[in-house]
Protein chains: 2
Amino acid sequence: MLQFTKRTEYALIALVHLVDRRGEFVSARELADRYPVPPRLVAEVLKELQREGLVDSQRGAAGGYALARPAADITLAEIVTVLEGAPLLTSCDTGFAGTAGSCEVEPTCPIRSPIHRVRDRIRDVLSHVTLESLAHPNALPMVTPTENR
Amino acid sequence: MLQFTKRTEYALIALVHLVDRRGEFVSARELADRYPVPPRLVAEVLKELQREGLVDSQRGAAGGYALARPAADITLAEIVTVLEGAPLLTSCDTGFAGTAGSCEVEPTCPIRSPIHRVRDRIRDVLSHVTLESLAHPNALPMVTPTENR
DNA sequence: CCAAAGGGCACCGATTTGGTGCTATTTGGG
DNA sequence: CCCAAATAGCACCAAATCGGTGCCCTTTGG
């Protein structure tokens, strides 16, 4: 399905909140108090992001999570990839542009290559959305000033 | 997850095959013989596309399916929408741009609006991919000659 | 008139997803 | 110095989704 998982949604809410708290460590509890998200789940998600180096964490009484890098350097593509794996579109997709992969349909598959182009376009869109642009949508244009129609 | 369902994949394979058989009715069996797809499932998917007016069907001995409209008029967005529902990205999404919807997070949700912009970009990508461009990728550029970076 | 095809629909097994339980470890503050 | 608040790490479960079939009916060409 072409939809983010709840985990990704929670991650985005949490991360955007972290943008406005540069440097401070924010606890999962605080996030769950401010937004209607299950505290344990948001913690689980943030742990995962910590393992992948997107956020720093501090344990103990005044612990919590903080962005590990500037908000402008963290892209939506990266977040999604960590939590859901790289967006593939097709099941026979090994993940990289030219790779043949182990698709049993492969030799006869008529849609493989064109669909991969679509996939790359979508990745491109996600790659150009930064945490910064999510947190401050009106600051500067999120992507190239969308004028296509 | 940011991935098509098998149903959608099968639909794309089938539909692309139909492009090259303009006018002829192609049976689900023939499709299953040519590609490694479960015949029953591909039939089920084509039935769904028929109900939505994307393909015509003919019953009886020499029956089968054929495109109901020119391949250039059928977009990937349309196919996906029929089989999976409109690409939403977020769970709180009622599907249309300005709609407030019934999201319980809504009042406090900080990512709603920017994510909707991303969603619209993705829909845009899918809207510009036609069955024709999937069937003949090299004929004319699939979308606007991608030059963004 | 029968075999081949689609129409309808219910259903099942496997996987994914959303969410929780439990326990251990760290750490700041009274 | 110890306790409360936090994260770390799993394992686990219930519900939803998804991939795929079974069954029976109707249509239709040879």
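Predicted, not measured: the structure shown is a model, and the values here were computed from it. So that the names make sense, note that chain A is the first sequence line, chain B the second, and so on, each numbered from 1.
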K.L.:
Roughly, in whole Å, what's the span from CZ in A:Arg51 to C1' in D:dG9?
P.N.:
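Atom CZ in A:Arg51 sits about 7 Å away from atom C1' in D:dG9.
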K.L.:
Looking at D:dG20, does its base get a donor-acceptor pair with the side chain of B:Lys6 below 3.5 Å?
P.N.:
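It does not, because no donor-acceptor pair links the side chain of B:Lys6 to the base of D:dG20 below 3.5 Å.
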K.L.:
The side chain of B:Ser27 is closest to which nucleotide in this list: C:dT20, C:dA24, C:dG6?
P.N.:
C:dG6
K.L.:
Both A:Tyr10 and A:Gly60 contact DNA chain C. Which one's nearest nucleotide lies toward the 5' end?
P.N.:
A:Tyr10
K.L.:
Using whole Å, report how far OH of A:Tyr65 lies from P of D:dA5.
P.N.:
17 Å
K.L.:
Using modelled atom types only, decide if a donor and an acceptor are shared between the side chain of B:Arg123 and the backbone of B:Pro87 within a distance under 3.5 Å.
P.N.:
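Yes; judged by distance alone, with no hydrogens or angles, the pair exists.
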K.L.:
Give B:Arg29 one of three labels, base, sugar-phosphate or nothing, depending on what nucleic acid heavy atoms sit under 4.0 Å from its own.
P.N.:
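Since only primed, P, OP1 and OP2 atoms lie under 4.0 Å of B:Arg29, the category is sugar-phosphate.
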K.L.:
In whole angstroms, how far is the P atom of D:dT7 from the CD atom of A:Glu30?
P.N.:
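Atom CD in A:Glu30 sits about 10 Å away from atom P in D:dT7.
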K.L.:
Applying a 4.0 Å non-hydrogen cut-off, can you work out what A:Gln58 is touching in the nucleic acid: base, sugar-phosphate, or nothing?
P.N.:
sugar-phosphate
K.L.:
Tell me the interatomic distance from A:Asp56, atom CG, to C:dT27, atom P, rounded to whole angstroms.
P.N.:
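Rounding to the nearest Å, CG of A:Asp56 and P of C:dT27 are 14 Å apart.
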K.L.:
Among D:dA6, D:dA8, C:dG7, which nucleotide has an atom closest to any side-chain atom of A:Arg59?
P.N.:
D:dA8
K.L.:
Atom CD of B:Gln50 and atom P of C:dG8: how far apart are they, to the nearest Å?
P.N.:
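Taking CD of B:Gln50 and P of C:dG8, I get 7 Å after rounding.
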K.L.:
Name the nucleic acid region contacted by B:Ala28, choosing base, sugar-phosphate or nothing; use a 4.0 angstrom heavy-atom cut-off, strictly under.
P.N.:
sugar-phosphate
K.L.:
Looking at D:dC18, does its base get a donor-acceptor pair with the side chain of B:Glu84 below 3.5 Å?
P.N.:
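Side chain to base: no pair present.
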K.L.:
To the nearest Å, give me how far apart CG (B:Leu83) and C1' (D:dG20) are.
P.N.:
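The answer, rounded to whole Å, is 15 Å.
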K.L.:
What integer distance in Å separates A:Leu49:CG from D:dG9:P?
P.N.:
13 Å
K.L.:
Counting only N and O atoms by type, is there a donor-acceptor contact under 3.5 Å from the side chain of B:Glu84 to the main-chain atoms of B:Phe4?
P.N.:
no
K.L.:
Toward the 5' end of DNA chain C, which comes first, A:Arg40 or A:Ala61, by nearest nucleotide?
P.N.:
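Nearest nucleotide further toward 5': that of A:Arg40.
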K.L.:
Please report the distance, rounded to the nearest Å, between CZ in B:Phe4 and C1' in C:dT16.
P.N.:
19 Å
K.L.:
Heavy atoms, side chains only, cut-off 4.5 Å: are B:Asp56 and B:Phe25 in contact?
P.N.:
yes
K.L.:
Select one nucleotide: of C:dG8, D:dG20, D:dC10, the one nearest the side-chain heavy atoms of B:Lys47.
P.N.:
C:dG8
K.L.:
Report yes or no: does A:Glu9 contribute a side-chain atom to a donor-acceptor pair with the main-chain N or O of B:Ser91 at less than 3.5 Å?
P.N.:
yes
K.L.:
For D:dA8, does OP1 or OP2 lie under 4.0 Å from any side-chain N or O of A:Ser57?
P.N.:
yes
K.L.:
If you take atom types as modelled and just measure distance, does the side chain of B:Gln3 reach the base of D:dC18 with a donor-acceptor pair under 3.5 Å?
P.N.:
no
K.L.:
Check whether any side-chain heavy atom of B:His116 lies under 4.5 Å from a side-chain heavy atom of B:Thr90, and answer yes or no.
P.N.:
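They are in side-chain contact.
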K.L.:
Among the candidates D:dT21, D:dA6, C:dG8, find the nucleotide nearest to the side-chain atoms of B:Leu41.
P.N.:
D:dT21
K.L.:
Between the side chain of B:Thr81 and the main-chain N/O of B:Ala77, is any donor-acceptor distance below 3.5 Å?
P.N.:
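Pair found, side chain donor or acceptor close to backbone of B:Ala77.
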